[in-house]
Participant: 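Quick one: this structure, given as structure tokens, is what I'll be asking you about.
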Amino acid sequence: MGHDQGQRSAAAAEFAIPVSQSLNLRTTLGSGQVFRWAEDGGWHWGVIGTHAYALRQEVDSLRVRTTASREEGAEAILGFLRWGDDFDVVCWELARDDPRLQEAIECYPGLRLLRQDPWECLASFICSQVSNIPRISRNLQAIAQTYGKPVSLDSRQLWRFPTAGAVAQGGADGLFRLGLGFRARYLAEAAAAVSEGRLDLMALRGVPYTEAKESLLTLKGVGDKVADCALVFSLDKLEGFPLDRWVRRALEEWYGVSPKTSYANALAWAQERWGLRAGYVQQFLFHHRRLLG
DNA sequence: GGTGCACCTGTTAC
DNA sequence: AGTAACAGGTGCA
């Protein structure tokens, strides 16, 4: 690790991981959980932690090229894809008594939740508010190229997401110049809180949902929805239920939930119904409803 | 606790 | 072409 500054093109490790449960990499990486992965020539390019990865889905395996060692790379990918979740059982249970959900699940087999780096995930969803996926991707890439470090894989240059400290140093002005608009001061504030240790994101993985959410909500610019995204997509709180326009529409149209139901009540309703699988349900509802237009 | 509005700035819809 | 509504929300009166 330490000596690799990512400036030069290190020899890539290549290996395959056998795939024995449902996985659709394209759907998963394109489902709006992450914003900096790109597909090119059948390979998905991205950064996990400090290393670059190219992933290609084959019939019964996942082919991997990475700047990491084989061991470190395999562990990072299996963590990222939540390989420990028995995804097929989750889907079977969800679809069993729910025709709507059964339909959504059948439309997108292999759509998995990811387990992201908490800081990049929080930053991503702070950027996401009242925005759209192309712009979010542009903003995050600009942040990575301005404050992050490059890492090369197979003569392709990718960018690590910068530390909270690096983002904090650039400040709100720096982020505003990158086109974040009113989100700039929110992200700068979050970066400061994280880099100064006022908010210990990693520690939130070991804390109950409600308590972890309270911590996130102390940040200006982080409300219920952004907090739930960080909780589900990076902090192992699968009972979270990010409620955005699309999911709200799905709840209204498919479950008769009144449009004026408060966030708190809709969340309680979803958690009552789906419990620790609420996060997975949200992802299927979001993806399905969004693609319907 | 709820309601209504402003907020940066690309896209998209007429 | 020009203009307005809208976009993975949130803070504040």
Side-chain angles (χ1 to χ4, degrees), chain A residues 27-37 104 108 111-114 116 118 120-143 146 167 170-193 199 213-235 237-238 240-254 257-270 278-293:
Chain A
T27 302
T28 298
L29 294 176
S31 66
Q33 299 180 68
V34 288
F35 303 92
R36 296 202 314 124
W37 283 78
Y108 315 106
L111 168 58
R112 302 184 71 97
L113 287 180
L114 295 169
Q116 301 178 43
E120 177 167 0
C121 186
L122 178 62
S124 298
F125 286 95
I126 287 174
C127 290
S128 79
Q129 51 186 277
V130 208
S131 189
N132 51 73
I133 290 181
R135 183 180 179 190
I136 298 164
S137 299
R138 265 201 313 279
N139 288 163
L140 291 170
Q141 193 63 10
I143 291 168
T146 305
V167 175
D173 290 346
L175 292 168
F176 192 88
R177 278 193 292 275
L178 296 180
L180 269 75
F182 65 83
R183 303 156 197 85
R185 61 192 171 92
Y186 295 155
L187 184 54
E189 139 91 10
L199 178 64
K213 188 164 182 177
E214 274 176 23
S215 294
L216 294 174
L217 292 178
T218 62
L219 297 173
K220 281 215 170 68
V222 176
D224 276 306
K225 192 272 177 181
V226 169
D228 272 332
C229 285
L231 289 162
V232 174
F233 300 145
S234 74
L235 295 173
K237 304 298 182 286
L238 300 199
F241 192 75
L243 192 60
D244 59 28
R245 298 174 136 91
W246 295 111
V247 175
R248 196 172 266 287
R249 245 176 265 181
L251 289 187
E252 289 168 21
E253 293 172 13
W254 298 338
V257 174
S258 162
K260 52 187 174 62
T261 308
S262 70
Y263 193 104
N265 286 335
L267 172 66
W269 182 90
Y280 266 108
V281 171
Q282 183 274 351
Q283 200 54 30
F284 279 108
L285 293 180
F286 170 73
H287 199 60
H288 194 44
R289 194 63 193 76
R290 181 166 70 98
L291 294 188
L292 290 180

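Side chains included, hydrogens not; waters and symmetry mates left out as well; all remaining heavy atoms used. The sequence lines fix the lettering, A, B, ..., with proteins before strands; numbering per chain opens at 1.
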Participant: Between B/dT9 and C/dA1, how far is it from one P atom to the other, in whole Å?
Facilitator: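 After rounding to an integer number of Å, I get 25 Å for this pair.
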Participant: For B/dC14, give the paired nucleotide (Watson-Crick: N1-N3 plus N6-O4 or O6-N4; G-U: N1-O2 and O6-N3; both under 3.5 Å), or none.
Facilitator: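 Pair assignment: B/dC14 / C/dG2.
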Participant: Quick check for you: among B/dG2, B/dC8, C/dT10, whose closest atom lies nearest to any side-chain atom of A/F176?
Facilitator: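 In terms of side-chain proximity for A/F176, the closest of B/dG2, B/dC8, C/dT10 is B/dC8.
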Participant: Given side chains that start at C-beta, do those of A/I143 and A/L180 come closer than 4.5 Å, heavy atoms only?
Facilitator: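 Yes; the side chains approach each other to less than 4.5 Å.
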Participant: Provide, to the nearest angstrom, the distance between the CZ atom belonging to A/F182 and the C1' atom belonging to B/dT9.
Facilitator: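 After rounding, the reported distance stands at 9 Å.
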Participant: Using a strict cut-off of less than 4.0 Å between a Lys/Arg side-chain nitrogen and an Asp/Glu carboxylate oxygen, indicate whether A/K213 and A/D224 qualify as a salt bridge.
Facilitator: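 Yes, this pair counts.
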Participant: Checking all strands, does A/F35 fall into the base, sugar-phosphate, or nothing category for heavy-atom contacts under 4.0 angstrom?
Facilitator: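 Counting heavy atoms under 4.0 Å across all strands, the contact made by A/F35 includes a base.
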Participant: What is the distance from OH of A/Y186 to C1' of C/dG9, rounded to the nearest Å?
Facilitator: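 Computing the A/Y186:OH to C/dG9:C1' distance gives 8 Å.
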Participant: For A/R245 and C/dG9, is the shortest distance between a side-chain N/O and OP1 or OP2 below 4.0 Å?
Facilitator: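 Yes, because at least one side-chain N or O of A/R245 sits under 4.0 Å from OP1 or OP2 of C/dG9.
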Participant: Parallel, tilted or perpendicular: which fits the ring planes of A/F125 and A/F233, with parallel below 30° and perpendicular above 60°?
Facilitator: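 Tilted, since the angle between the ring planes falls between 30° and 60°.
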Participant: Look at all strands and tell whether A/Q282 reaches a base, only sugar-phosphate, or nothing, counting heavy atoms closer than 4.0 Å.
Facilitator: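 Base contact.
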Participant: Could you walk me through whether A/Y186 and A/V226 pass side-chain contact (heavy atoms from CB on, under 4.5 Å), step by step?
Facilitator: CA-CA 12 Å; A/Y186 295 155; A/V226 169; over 6 Å; no
Participant: Rounded to the nearest Å, what distance is computed from the CG atom of residue A/L243 to the C1' atom of nucleotide C/dT10?
Facilitator: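 Whole-Å distance recorded here is 14 Å.
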Participant: Measure from the side-chain N and O atoms of A/Q33 to the backbone N and O of A/Q116, and report whether any donor-acceptor pair falls under 3.5 Å.
Facilitator: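 Answer holds: no.
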Participant: To the nearest angstrom, how far is A/K260 atom NZ from B/dG4 atom C1'?
Facilitator: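 In whole Å, B/dG4 C1' lies 17 Å from A/K260 NZ.
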Participant: Measuring to OP1 and OP2 of B/dT11, would you say a side-chain N or O of A/R138 lies under 4.0 angstrom away?
Facilitator: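 Yes, within the criterion.
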Participant: What integer distance in Å separates A/L140:CG from B/dT9:P?
Facilitator: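 Value for this atom pair: 17 Å.
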Participant: Look at the side chain of A/R249 and decide which nucleotide, out of B/dT11, C/dA7, B/dC8, has an atom nearest to it.
Facilitator: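 In terms of side-chain proximity for A/R249, the closest of B/dT11, C/dA7, B/dC8 is C/dA7.
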Participant: Determine the contact category for A/V222: base if any of its heavy atoms lies under 4.0 Å from a base atom, sugar-phosphate if only primed atoms, P, OP1 or OP2 are that close, otherwise nothing.
Facilitator: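 Sugar-phosphate: the residue A/V222, judged by heavy atoms under 4.0 Å, touches backbone atoms but no base.
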Participant: Looking only at N and O atoms, is any donor in the side chain of A/R135 or the base of B/dC8 less than 3.5 Å from an acceptor on the other one?
Facilitator: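 Indeed, a donor on one side and an acceptor on the other fall under 3.5 Å apart.
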Participant: Please measure how far the P atom in B/dG4 lies from the corresponding atom in C/dC6, and state the result in whole Å.
Facilitator: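 That atom pair is separated by 16 Å.
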Participant: With a non-hydrogen cut-off below 4.0 angstrom, is A/S31 in contact with a base, only sugar-phosphate, or nothing?
Facilitator: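 Base: the residue A/S31, judged by heavy atoms under 4.0 Å, touches a nucleobase.
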Participant: Hunt down the Watson-Crick or G-U wobble partner of B/dG2, both distances under 3.5 Å, from any strand shown, or write none.
Facilitator: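 Its partner: none found.
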Participant: Which nucleotide wins on minimum distance to the side chain of A/S262, given the candidates C/dG11, B/dG2, C/dG9?
Facilitator: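 Nucleotide nearest to A/S262's side chain: B/dG2.
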Participant: For A/H287, which of A/Y108, A/Y280, A/W246 qualifies under ring-ring contact (aromatic ring centres under 6.0 Å, His included)?
Facilitator: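 Per the ring-ring contact (aromatic ring centres under 6.0 Å, His included) rule, the option paired with A/H287 is A/Y108, out of A/Y108, A/Y280, A/W246.
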Participant: Assign A/L219 to base, sugar-phosphate, or nothing according to its heavy-atom contacts below 4.0 angstrom with the strands shown.
Facilitator: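 Sugar-phosphate: the residue A/L219, judged by heavy atoms under 4.0 Å, touches backbone atoms but no base.
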Participant: For B/dC8, does the base pair up with any side-chain atom of A/R183 as donor and acceptor (N or O, under 3.5 Å, distance only)?
Facilitator: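 Result: at least one qualifying N/O pair found.
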Participant: Of A/L217 and A/F125, whose nearest nucleotide on DNA chain C comes first from the 5' end?
Facilitator: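 Closer to the 5' end of DNA chain C: A/F125.
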Participant: Figure out the CG/P separation between A/D244 and C/dC6, and round it to whole Å.
Facilitator: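 From A/D244 CG to C/dC6 P: 17 Å.
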Participant: When the distance from CG of A/N132 to P of B/dT12 is rounded to whole Å, what number comes out?
Facilitator: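 Going from CG in A/N132 over to P in B/dT12 covers 8 Å.
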Participant: Checking contacts here: which listed nucleotide (B/dC7, C/dA7, C/dT10) is nearest the side-chain heavy atoms of A/V130?
Facilitator: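 The answer is C/dA7.
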Participant: What contact category does A/G181 fall into here, base, sugar-phosphate, or nothing, at under 4.0 angstrom with non-hydrogen atoms?
Facilitator: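 The residue A/G181 makes base contact.
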Participant: In whole Å, what is the span from the CD atom of A/Q129 to the C1' atom of C/dG11?
Facilitator: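 Result: 10 Å.
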Participant: Short question: side chain of A/R135, backbone of A/C127 - any donor-acceptor pair under 3.5 Å?
Facilitator: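 No; judged by distance alone, with no hydrogens or angles, the pair does not exist.
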